[in-house]
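Below is one structure; the comments refer to it alone.
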2 protein chains.
Amino acid sequence: MHTTFNALAEPNRMRIVELLREGPLAVGEIADRLELRQPQTSKHLKVLANSGLLEAKPEANRRIYGLKREPFEELDEWLSTFRRTMETRLDNLAAYLEKLQDKQPGG
Amino acid sequence: MHTTFNALAEPNRMRIVELLREGPLAVGEIADRLELRQPQTSKHLKVLANSGLLEAKPEANRRIYGLKREPFEELDEWLSTFRRTMETRLDNLAAYLEKLQDKQPGG
DNA sequence: TGAGTATATTCCTGTCAAGGCATATACGGG
DNA sequence: CCCGTATATGCCTTGACAGGAATATACTCA
């Protein structure tokens with residue numbers, strides 16, 4: 001899990017992921033659109049692929065990288081357990097509501 | 001956003017966040033439970049707080065750190081746009097379904 | 001096989017961040 | 001104010017990692 005976060009923590013990798021939401025692309029395309037050099041692009045793609053976020057599909061001369069669903073589903077699950085946690089934890093909820101109501105003093 | 005990921009990418013910080021799901025804790029408690037030294041614990045807490053993930057509530061001698069909701073909500077939103085993206089992108093969906101159905105050719 | 005294109009890998013360097021340890025600061029009690 | 005406890009900060013060393021440039025590898029086509 002923290003591997004996923006690590007991969008997405010790097011700004012350029014994040015940009016790559018955002019770009020690939022439009023659809024799979026070849027390395028050169030990615031480098032071109034994001035104005036990155038080809039080698040660093042390949043390196044970032046490698047990290048992202050190793051983290052399971054991307055998948056490469058060889059196509060003739062090129063390698064087409066596309067997003068994978070699993071890590072995002074996993075992330076989603078993790079988050080939903082968090083949502084449940086938050087709902088249960090009244091401490092935080094109370095503080096949250098206080099702010100919403102512009103808080104009346106005397107508590 | 002990538003600030004959030006950056007904060008969570010560090011294993012010990014992730015452990016802190018997981019721990020705090022049970023409820024807010026003082027620095028010493030956190031350090032104790034996770035077997036971290038107090039100074040590094042404070043440093044990690046600082047990073048987490050600066051990223052907006054935590055909030056410190058001074059209480060006498062101590063500072064009680066607790067999770068904030070906003071970053072998780074934000075993360076959730078980000079993820080949901082992703083979910084939408086994934087549903088739209090038929091390339092990936094097709095591949096996904098193929099796997100699920102043990103793939104019968106000619107789709 | 002050789003040329004050409006697309007991508008991956010290697011080496012190098014600078015920067016950033018984490019841990020260890022010492023110490024400063026904050027707060028409460030007397 | 002002085003003490004004790006809880007927490008934050010500073011300095012140092014070290015390891016990880018990103019970018020740059022050169023080069024190796026993979027694949028296609030003739």
Side-chain angles (χ1 to χ4, degrees), chain A residues 1-20 22-68 71 91 95, chain B residues 1-20 22-68 71 91 95:
Chain A
M1 170 97 305
H2 89 270
T3 324
T4 302
F5 286 128
N6 184 55
L8 293 172
E10 214 285 325
N12 281 324
R13 282 198 292 264
M14 180 63 117
R15 291 174 65 211
I16 291 178
V17 169
E18 294 282 6
L19 174 61
L20 291 185
E22 303 173 10
L25 285 179
V27 180
E29 268 290 306
I30 299 173
D32 205 41
R33 294 230 214 158
L34 300 183
E35 295 190 303
L36 299 173
R37 318 247 170 194
Q38 177 266 316
Q40 354 288 2
T41 305
S42 278
K43 289 178 200 168
H44 283 313
L45 290 171
K46 186 178 183 180
V47 174
L48 288 165
N50 286 338
S51 305
L53 283 160
L54 302 188
E55 196 178 29
K57 173 160 62 172
E59 196 160 289
N61 218 358
R62 297 172 297 173
R63 307 194 66 191
I64 313 297
Y65 281 88
L67 294 176
K68 291 199 71 176
D91 312 63
Chain B
M1 170 96 305
H2 90 271
T3 325
T4 302
F5 286 127
N6 184 55
L8 293 172
E10 214 286 323
N12 282 325
R13 281 198 293 263
M14 180 63 118
R15 290 173 66 210
I16 291 179
V17 168
E18 294 281 7
L19 174 60
L20 291 185
E22 303 173 10
L25 285 178
V27 180
E29 268 290 307
I30 300 173
D32 205 41
R33 295 232 213 156
L34 300 184
E35 296 191 302
L36 298 173
R37 319 246 168 194
Q38 177 267 317
Q40 353 290 2
T41 305
S42 278
K43 288 176 198 169
H44 282 312
L45 289 171
K46 187 178 183 180
V47 174
L48 287 166
N50 285 340
S51 306
L53 283 160
L54 302 186
E55 194 177 30
K57 174 159 63 175
E59 194 161 292
N61 219 358
R62 297 172 298 171
R63 308 193 66 193
I64 313 295
Y65 281 89
L67 294 177
K68 292 200 70 177
D91 311 64

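A quick note: this is a predicted structure, and the numbers were derived from the prediction, not measured. Sequence lines set the chain letters: A, B, ... in the order given, protein chains first and strands last, and positions in each chain run from 1.
For the pair A/Glu10 and B/His2, the minimum side-chain heavy-atom distance is 4.5 Å or more. A heavy-atom distance below 4.5 Å is found between the side chains of B/Met14 and A/Phe5. The closest side-chain heavy-atom distance from A/Asn12 to A/Leu36 is below 4.5 Å. Contact annotation: the side chain of B/Thr4 approaches that of B/Leu53 to within less than 4.5 Å [non-hydrogen atoms, C-beta and beyond].
Separating the NZ atom of A/Lys43 from the P atom of D/dA16 is a distance of 17 Å, rounded to the nearest angstrom. In this entry the distance linking CG of A/Asn50 with P of D/dA18 reads 12 Å, nearest Å. Here C/dC16 presents its C1' atom at 10 Å from CG of B/Asn6, a figure rounded to the nearest Å. Put simply, CG on B/Leu25 is 11 Å from P on D/dT7, counting in whole angstrom units. As rounded to whole Å, 13 Å separates atom P of C/dA18 from atom CG of B/Leu8. In this structure, the CZ atom of A/Arg13 is 9 Å from the C1' atom of D/dA18, given to the nearest Å. Look at CD1 on B/Ile16: it is 12 Å from C1' on C/dA18, rounded to the nearest Å. Distance CD (A/Glu59) to P (D/dT28): 11 Å, rounded to an integer number of Å.
For A/Arg63 and D/dA26, the shortest distance from a side-chain N or O to OP1 or OP2 is not below 4.0 Å. OP1 or OP2 of C/dA17 has not a single side-chain nitrogen or oxygen of B/His44 nearer than 4.0 Å. In terms of phosphate contacts, B/Asn12 brings a side-chain nitrogen or oxygen within less than 4.0 Å of OP1 or OP2 of C/dG19. Regarding contacts with the backbone of C/dA6, every side-chain N or O of A/Tyr65 stays at 4.0 angstrom or more from both OP1 and OP2.
The two residues A/Ala56 and A/Pro58 come nearest to each other via the heavy atoms O-CD, 3.7 Å.
Residues from residues 31-41 of chain B that place a heavy atom under 4.0 Å from any atom of DNA chain D, listed by number: B/Gln38, B/Pro39.
A/Asn61 contributes no side-chain N or O that forms a donor-acceptor pair with the base of D/dT28 under 3.5 Å.
Of the candidates A/His44, A/Gln38, A/Lys46, A/Gln40, A/Gln38 is the only one forming a side chain to side chain donor-acceptor pair (under 3.5 Å) with A/Ser42.
Residue B/Lys46 is in sugar-phosphate contact alone, with no base atom involved, counting any heavy-atom pair closer than 4.0 Å across all strands shown.
Comparing the local axis fitted to the first five base pairs of the helix from C/dT1-D/dA30 to C/dG30-D/dC1 with the one fitted to its last five gives a bend of 30°, rounded to 10°.
Separating the CD1 atom in A/Ile64 from the CG atom in A/Leu25 is a distance of 7.5 Å, to the nearest 0.5 Å.
Candidate nucleotides D/dA6, C/dG28, D/dA8 were compared by shortest atom distance to the side chain of B/Ala60, and C/dG28 ranks first.
Applying the 6.0 Å contact sphere to CZ of B/Arg15 captures more than 12 heavy atoms from other residues, nucleotides or ligands.
A donor-acceptor pair under 3.5 Å is absent between the side-chain atoms of A/Arg13 and the main chain of A/Leu48, judged by distance alone.
By the 4.0 Å N-to-carboxylate-O rule, B/Arg33 lies close enough to B/Glu22 to be salt-bridged with it.
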